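Predicted, not measured: the structure shown is a model, and the values here were computed from it. Residue numbers begin at 1 in each chain, while the letters A, B, ... track the order of the sequences.
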Amino acid sequence: MSKGVTKQSENYSRWYTDVVQKAELADYSPVKGCMVIRPYGYSIWESLQQTLDRMFKDTGHQNAYFPMFIPQSYLEKEAEHVEGFAPETAVVTHGGGKELDEPLVVRPTSETIIWSMYQKWIGSYRDLPLLINQWANVVRWEMRTRLFLRTTEFLWQEGHTAHATFDEAEEEARRMLEVYRTMAEEYMAIPVLTGIKSESEKFAGAVHTYTIEAMMGDKKALQSGTSHNLGQNFAKAFDVQFQNENNELEYVYATSWGVSTRLVGALIMAHGDDQGLVLPPKLAPHQAVIVPIWRNDDQKAEVMEAVDNIASPLREKDVRVHVDDRETVTPGFKFNDWEMKGVPLRIEIGPRDVENDQAVLVRRLTREKATLSMDEVTSTVPDILEDIQQTMFDRALKFREDNTLTTTDYDELREFIDNDSGFVLAPWDGTGETEEKVKDDTRATIRCIPFDGPEVEDGAEDPVSGKPAKHWVYYSRAY
RNA sequence: CGGGGCAUAGCGCAGUCCGGUUAGCGCGCCUGCUUUGGGAGCAGGAGGUCCCCAGUUCGAAUCUGGGUGCCCCGACCA
């Protein structure tokens, strides 16, 4: 195995697959398009899961689990939904050696089976709102796959809620998008654009789709989470009505929202560098790794004692510390290994340090080295981790801002996109034709109509069609 | 599905054009000794249906025919 990874500047997508494999996040599986998530990669997913799960519970949601197999007829009940998902489903036709009476679709998403159950569970306004989330795997038969970013099977969470009014559903969809924004920005240290999807990009079966969009290291966009106001579409398809306070029957209003293991891909591409992965302290499985250094057994005993004198108090302060006491590899190997794996902080302790009652701290993000006294180490590590977390977010935000063009000129837009220079904020007339033309010309799509975009001034025109502009939108090439 | 490429040790490859002893190299792996502050050194060792099937030949990793799998590039997508 060669030592480093392909440089980002040389070939970004090779850099990405190199990092995934060398940081031992995932491996290719025998089944085309599927992947094996290795322990280190899975522990990152667990960090994301734990953080999100707490946020879901804090906003009143409960977890449940629905089956992976869905009767094919269910998927067909909502017209837009079946049109959107039928081409990418896996279908089970046989079980126990016999052909099934009705084929079973392996869920590409669970709206249909969940709403078939909500039909049984919801009768009155007193049953609402119903706020359920599930952690699950789903299968979508994609043409082209990439580790974490798009695999045939992936892990995700999907929230499915039922409400008495459209406004309440709308509020829920926006609330959960805000949860995702918080997750991305405050935990993953990835700034995101929040906004609404255009008609062509919205979820099959939704009234509105809201999204968080992040900029990756190659300046392409990654849709990192979506939240949908489904209106009454699924309630009508599955005949889910409730009696309101006036004893009238009304269809239920729905939302759904999800993020997936794609977030791991977002972490890799938003922060990674030519040394490998760079993880934000709040989500890193190991926040600090201690590398002991010794020449002989006497030194080893001294050094390990000093290591414990640092590791224990740090753990008491809830710092996730890992002591790398492997004897089969050299310290130099360990340095590179943990840098590849993105551990935010490395603490080196050798005989010289023991003698001087000090330790060497190295930050992964900046590779900045500092020598601190043992006491300082235990007292300042939490602050250092917090500082790294903030610095990572600030860097990513500056990167996005430096690579975003605001323009009303189509030639400028095209040139910018053609040079892979990032996001373009431009006025849009709101038509699918314009959107399509930009896509044909540049391969860029409308990522979202941002919530906090500029006001459209009177007389402002769409640079493509010349028609009156309705919104400012972000265009970008995307994963 | 269209276009291009590849298949030889765990991984990455050479050998194939022009058939000929026991199929090599690097990394990794195992054993021992010496090492250990930025990917250690030396010595020894293990490991192969050369993708599959058929054919040509005294002889096939190498030539011929068929098949299979994978990768990359384009049309769909969290």
Side-chain angles (χ1 to χ4, degrees), chain A residues 1-6 11 13-14 17-18 21-22 27-33 83-89 107-109 136-146 148-158 180 197 200-204 206 209-214 221-228 256-266 275-276 291-297 299-300 303 324-340 346-356 358-362 367 369 371 439-440 443 445 447 478-479:
Chain A
M1 188 159 58
S2 62
K3 284 177 179 169
V5 292
T6 306
N11 183 337
S13 65
R14 259 186 71 183
T17 48
D18 283 358
Q21 292 183 85
K22 295 208 168 144
D27 206 347
Y28 292 102
S29 84
V31 181
K32 180 179 162 61
E83 198 185 318
F85 284 105
E88 54 183 67
T89 52
R107 61 179 165 218
T109 179
N137 59 339
V138 287
V139 167
R140 298 184 186 174
W141 218 259
E142 301 289 353
M143 307 266 175
R144 240 184 113 192
T145 56
R146 298 194 62 190
F148 288 111
L149 300 177
R150 181 172 303 105
T151 45
T152 300
E153 179 193 20
F154 57 95
L155 305 182
W156 78 343
Q157 61 65 218
E158 46 181 328
Y180 291 157
K197 283 289 187 186
S200 71
E201 296 275 328
K202 82 171 193 201
F203 178 76
T209 290
Y210 300 108
T211 181
I212 55 171
E213 300 279 330
L222 184 74
Q223 178 177 308
S224 306
T226 48
S227 180
H228 318 288
S256 70
W257 27 273
V259 295
S260 70
T261 35
R262 172 178 267 194
L263 290 182
V264 178
Q275 260 62 248
V291 178
I293 297 153
W294 64 76
R295 286 170 196 277
N296 55 49
D297 284 350
Q299 287 183 343
K300 181 183 169 187
V303 166
D324 185 356
D325 56 3
R326 285 179 289 178
E327 304 204 18
T328 50
V329 291
T330 62
F333 181 92
K334 294 176 185 177
F335 299 166
N336 286 284
D337 193 33
W338 293 113
E339 282 178 6
M340 181 66 69
R346 179 173 77 239
I347 303 172
E348 305 172 17
I349 302 175
R352 281 207 301 270
D353 302 308
V354 173
E355 202 174 314
N356 300 317
Q358 65 181 32
V360 177
L361 266 63
V362 187
R367 305 186 98 198
K369 281 194 186 188
T371 304
K439 189 176 178 182
D440 289 347
R443 279 164 45 216
T445 49
R447 301 319 305 159
Y479 280 96

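At the phosphate of B:rG39, neither OP1 nor OP2 sits under 4.0 Å from any side-chain N or O atom of A:T330.
Pair check for B:rA75 finds none; no Watson-Crick or G-U wobble contact set falls under 3.5 Å. The partner of B:rU16 is absent, by the rule that a Watson-Crick or G-U pair needs both atom distances under 3.5 Å. In this structure, B:rU49 makes no Watson-Crick or G-U wobble pair, since no nucleotide meets both defining distances under 3.5 angstrom. Across the strands present, B:rG28 finds no partner; the criterion is a Watson-Crick or G-U wobble pair with both atom distances under 3.5 angstrom. B:rC63 is paired with B:rG55 under the Watson-Crick or G-U wobble criterion, all donor-acceptor distances under 3.5 Å. A 3.5 Å limit on both hydrogen-bonding distances identifies B:rG41 as the Watson-Crick or G-U partner of B:rC33. The partner of B:rA23 cannot be assigned: no Watson-Crick or G-U wobble pair with both contacts below 3.5 Å exists in any strand. When both pairing distances are held under 3.5 Å, B:rU68 makes a Watson-Crick or G-U pair with B:rA7.
Every ring-ring contact (aromatic ring centres under 6.0 Å, His included) that A:F85 has, sequence neighbours left out, goes to A:H81, A:F203. In this structure, A:W294 has no ring-ring contact (aromatic ring centres under 6.0 Å, His included) partners at least two apart in sequence or on a different chain.
When heavy atoms are screened at a 4.0 angstrom cut-off, A:E327 is found touching no nucleic acid atom at all. Using a 4.0 Å heavy-atom distance criterion, A:R367 is classed as a base contact. Residue contacts shown for A:P351 include a base, since a base heavy atom lies under 4.0 Å away. At the heavy-atom level, A:L222 lies nowhere under 4.0 Å from the strands shown. Residue contacts for A:R346: at a heavy-atom cut-off of 4.0 Å it reaches a base atom on one of the strands shown. A:W294 comes within 4.0 angstrom of a nucleotide base, judged by non-hydrogen atoms across all strands.
Comparing the same atom, C1', in B:rC17 and in B:rA9 gives a spacing of 25 Å after rounding to whole Å. Taking the C1' atom of each, B:rG24 and B:rG15 are spaced 8 Å apart, rounded to whole Å. Rounded to whole Å, the separation between the P atoms of B:rC52 and B:rC11 comes to 15 Å.
Taking only side-chain atoms of A:I293, from C-beta outward, the nucleotide of B:rG38, B:rA78, B:rU36 with the closest atom is B:rU36. In this structure, the nucleotide among B:rA75, B:rG39, B:rA78 sitting nearest to the side chain of A:F333 is B:rG39. Nearest to the side chain of A:R352, among B:rA78, B:rG37, B:rG38, sits B:rG37. Checking B:rA78, B:rC76, B:rG37 against every side-chain atom of A:E348, the shortest atom distance belongs to B:rG37. Candidate nucleotides B:rA78, B:rA75, B:rG38 were compared by shortest atom distance to the side chain of A:K369, and B:rG38 ranks first.
A donor-acceptor contact under 3.5 Å is formed by the side chain of A:D353 with the base of B:rG37. Contact of A:R295 with B:rG37 (side chain to base): no donor-acceptor pair of N or O atoms is detected under 3.5 Å.
Residue-environment remark: CH2 (A:W156) exceeds the threshold of 12 foreign heavy atoms within 6.0 Å. For A:N296, the CG atom sits in a packed shell: over 12 heavy atoms of surrounding residues, nucleotides or ligands are nearer than 6.0 Å. Counting non-hydrogen atoms of other residues, nucleotides and ligands closer than 6.0 Å to CZ of A:R14 gives a total of 12 or fewer.
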CA sep, side-chain torsions, deciding dist, call: A:S13, A:N11, side-chain hydrogen bond (donor to acceptor under 3.5 Å, both in side chains): CA-CA 6 Å; A:S13 65; A:N11 183 337; 3.3 Å; yes

